[in-house]
Amino acid sequence: MKAFFVQIKCDLGKAYEVASALADAEIASEIYSTAGNYDLLAKFYLDDEEDIGHFVNEKVQILPGIKDTFTIVTFRAF
């Protein structure tokens with residue numbers, strides 16, 4: 001399994017709706033509200049053979065209220 005994070009910028013006033021949609025989809029292991037350039041931070045796990053780009057494009061970015069995403073790929077846990 002590989003872990004990665006996606007920072008999510010939401011349309012104004014839509015952060016809670018986007019967070020709820022992510023939770024309802026049961027695709028994120030953790031979802032946090034954040035301050036700064038992005039509104040949410042979500043952690044995901046995929047099998048090693050699954051493509052992160054396709055997953056983000058087809059499962060995350062399609063949710064209503066998402067304006068922009070920034071994916072952070074991880075490679076080692078300490």
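As a basis for the values below, the full set of heavy atoms in this structure was taken, side chains included, without hydrogen atoms, waters or symmetry mates.
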Worksheet item: Are side-chain heavy atoms of Phe70 and Ile8 found at a separation under 4.5 Å?
Response: no
Discussion item. Please report the interatomic distance CG(Leu63) to SG(Cys10), rounded to the nearest 0.5 Å.
Written reply: 9.5 Å
Worksheet item: What about Ile27 and Val73, same hydrophobic cluster or not, with Ile/Leu/Val/Met/Phe/Trp/Tyr joined at side-chain heavy-atom distances under 4.5 Å?
Response: yes
Worksheet entry | Asp47 atom CG: more than 12 heavy-atom contacts under 6.0 Å | yes
Worksheet item: So, for Lys9 and Asn37, which heavy atoms are closest and what is the spacing to 0.1 Å?
Response: CE-O, 2.9 Å
Worksheet item: Does Asp48 offer a backbone N or O that forms a donor-acceptor pair with the side chain of Lys2 under 3.5 Å?
Response: yes
Discussion item. Could you check whether any side-chain N or O of Thr74 sits under 3.5 Å from a backbone N or O of Ala3, counting only pairs where one atom can act as donor and the other as acceptor?
Written reply: yes
Worksheet item: Between Leu40 and Thr34, which heavy-atom pair has the shortest distance, and what is it?
Response: N-OG1, 3.6 Å
Response to the item:
One should read off an interatomic distance between Asp39 CG and Tyr16 OH, to the nearest 0.5 angstrom, of 10.5 Å
Practice prompt. For the residue pair Val6 and Val56, establish whether any side-chain heavy-atom pair is separated by less than 4.5 Å.
Written response: yes
Discussion item. Once rounded to the nearest 0.5 Å, what's the spacing between atom CD of Glu58 and atom CG of Asp51?
Written reply: 8.5 Å
Worksheet item: Step by step, would you call Ile52 with Leu46 a side chain to side chain contact (heavy atoms under 4.5 Å, CB included)?
Response: CA-CA 8 Å; Ile52 291 172; Leu46 287 181; 4.1 Å; yes
Item to complete: Would you mind listing every salt bridge (charged side-chain N to carboxylate O under 4.0 Å, His left out) that reaches into residues 13-26, with sequence neighbours excluded?
Response: Lys14-Glu17
Item to complete: Please answer whether the main-chain N or O of Lys43 pairs with a side-chain N or O of Ser29 as donor and acceptor at a distance below 3.5 Å.
Response: yes
Worksheet item: Which residues pass the salt bridge (charged side-chain N to carboxylate O under 4.0 Å, His left out) test with Glu50, sequence neighbours left out?
Response: none
Worksheet item: What distance do Ile66 atom CD1 and Asp11 atom CG have between them, rounded to the nearest 0.5 Å?
Response: 9.0 Å
Practice prompt. Only counting residues at least two apart or in another chain, list the ones meeting salt bridge (charged side-chain N to carboxylate O under 4.0 Å, His left out) with Lys67.
Written response: none
Worksheet item: To the nearest 0.5 Å, what is the distance between CG (Leu22) and CD1 (Ile31)?
Response: 4.5 Å
Worksheet item: What orientation do Phe55 and Phe4 show, parallel under 30°, tilted 30 to 60°, or perpendicular over 60°?
Response: perpendicular
Discussion item. Nearest 0.5 Å, please: how far is OH in Tyr45 from CD in Glu30?
Written reply: 6.5 Å
Worksheet item: Are the side chains of Asp68 and Tyr38 in touch, meaning some heavy atoms are under 4.5 Å apart?
Response: yes
